[in-house]
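Data block below; observations after.
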Amino acid sequence: VQLQASGGGLVQPGGSLRLSCLASGFTRDYYAIGWFRQAPGKEREWVSCINRGDDKTYYTDSVKGRFAISRENDKNTVTVSLQMNALKPEDTAVYYCAAVLAGYRRPCAGYKYNFWGQGTQVTVSS
């Protein structure tokens, strides 16, 4: 399983960014994919994920209503995007995408993800 995250950058408070995670090397329909983040001096936290099978989405409370995760399947790859709107300074972190072999339509928020991509830095500052 290979995961490649991109799309980070510097944005002012209230701005938007769209992160992308290109996943390959696995049977795409068997995996849930999620986004995590780690701010300086803090533990990594789960941000959002999308189910295998029904594409149901889940979000941590601090990003509900501002972030949106989506999945787009291609022949041999899947791209999972995280649209981030109304960004706040506290959203500043390195963002990681991750994948896990998941049960069909089982909530993706409860898994321990075991495939990780490299991080992409998101900085929200004026």
Side-chain angles (χ1 to χ4, degrees):
V1 178
Q2 296 176 330
L3 302 164
Q4 183 173 359
S6 62
L10 173 64
V11 64
Q12 293 186 341
S16 298
L17 279 175
R18 186 176 182 87
L19 305 184
S20 292
C21 176
L22 177 63
S24 61
F26 65 113
T27 305
R28 64 170 195 258
D29 294 335
Y30 289 178
Y31 285 77
I33 296 181
W35 284 95
F36 294 74
R37 66 186 179 186
Q38 186 166 20
K42 294 187 178 181
E43 293 187 352
R44 185 172 61 198
E45 67 168 340
W46 169 77
V47 176
S48 178
C49 64
I50 186 164
N51 273 2
R52 167 200 171 190
D54 60 4
D55 283 357
K56 188 172 181 179
T57 59
Y58 297 84
Y59 302 92
T60 192
D61 286 346
S62 63
V63 308
K64 284 180 181 177
R66 300 189 297 121
F67 290 13
I69 191 172
S70 59
R71 178 202 295 254
E72 182 175 340
N73 292 332
D74 200 346
K75 183 177 180 180
N76 297 309
T77 63
V78 58
T79 299
V80 175
S81 298
L82 186 68
Q83 177 67 42
M84 306 187 296
N85 299 323
L87 282 161
K88 304 175 181 180
E90 51 264 42
D91 296 317
T92 295
V94 178
Y95 283 70
Y96 300 88
C97 61
V100 63
L101 186 64
Y104 185 72
R105 296 187 178 182
R106 286 192 62 183
C108 52
Y111 285 101
K112 182 177 181 180
Y113 286 69
N114 53 355
F115 296 100
W116 294 85
Q118 90 292 358
T120 185
Q121 176 71 47
V122 171
T123 303
V124 184
S125 175
S126 55

Same apolar cluster (I L V M F W Y, side chains within < 4.5 Å links), [X]/[Y]:
| X | Y | value |
| --- | --- | --- |
| Tyr111 | Val47 | no |
| Leu22 | Tyr95 | no |
| Trp35 | Val94 | no |
| Leu3 | Leu82 | yes |

*Residue pair Asn51, Tyr104: steps toward the side chain to side chain contact (heavy atoms under 4.5 Å, CB included) verdict*: CA-CA 8 Å; Asn51 273 2; Tyr104 185 72; over 6 Å; no
Looking at [X] and [Y], what are the two nearest heavy atoms and their distance?
| X | Y | answer |
| --- | --- | --- |
| Tyr31 | Arg71 | O-NH2, 3.2 Å |
| Tyr30 | Leu101 | O-CD1, 3.4 Å |
| Trp46 | Ala109 | CZ2-CB, 3.8 Å |
| Gly117 | Tyr96 | O-CD2, 3.6 Å |

*Just how far is it from atom CG of Asp55 to atom CD1 of Ile33, taken to the nearest 0.5 Å?*
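So the CG of Asp55 and the CD1 of Ile33 are separated by 10.0 Å.
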_Let me confirm one number: the OG-CD distance from Ser62 to Glu90, rounded to the nearest 0.5 Å._
8.5 Å
*Show your reasoning for whether side chain to side chain contact (heavy atoms under 4.5 Å, CB included) applies to Val100 and Lys112.*
CA-CA 7 Å; Val100 63; Lys112 182 177 181 180; over 6 Å; no
*Any donor-acceptor pair under 3.5 Å from Asp74 side chain to Asn76 backbone*: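 No, because the side chain of Asp74 does not come within donor-acceptor range (under 3.5 Å) of the backbone of Asn76.
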*Side-chain donor/acceptor of Ser81 to backbone N/O of Ser70, under 3.5 Å*: no
_Pairs satisfying salt bridge (charged side-chain N to carboxylate O under 4.0 Å, His left out), at least one member in residues 41-50, at least two apart_ = Arg37-Glu45
*Does anything in residues 57-70 pair up under salt bridge (charged side-chain N to carboxylate O under 4.0 Å, His left out), and if so which pairs, sequence neighbours excluded?*
Asp61-Lys64, Arg66-Asp91
*Could you give all pairs that pass the disulfide bond (SG atoms under 2.5 Å apart) test and reach residues 96-126, with sequence neighbours left out?*
Cys21-Cys97, Cys49-Cys108
For residues 5-20, run the donor-acceptor check on the side chains, cut-off 3.5 Å, and write out each pair with its distance to 0.1 Å, sequence neighbours left out.
residue: Ser16; atom: OG; partner: Asn85; partner atom: OD1; Å: 2.9
residue: Arg18; atom: NH1; partner: Gln83; partner atom: OE1; Å: 3.1

*Under the side-chain contact (heavy atoms from CB on, under 4.5 Å) test, which residues partner Ala98, sequence neighbours left out?*
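With neighbours one apart ignored, the set is Phe36, Tyr113, Trp116.
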*Criterion side chain to side chain contact (heavy atoms under 4.5 Å, CB included) on Gln118 and Gln4, from CA distance to verdict*: CA-CA 6 Å; Gln118 90 292 358; Gln4 183 173 359; 4.0 Å; yes
*Apply ring pair (Phe, Tyr, Trp, His ring centres under 6.0 Å) to Tyr58 and list each qualifying residue two or more places apart in sequence or on a separate chain.*
none
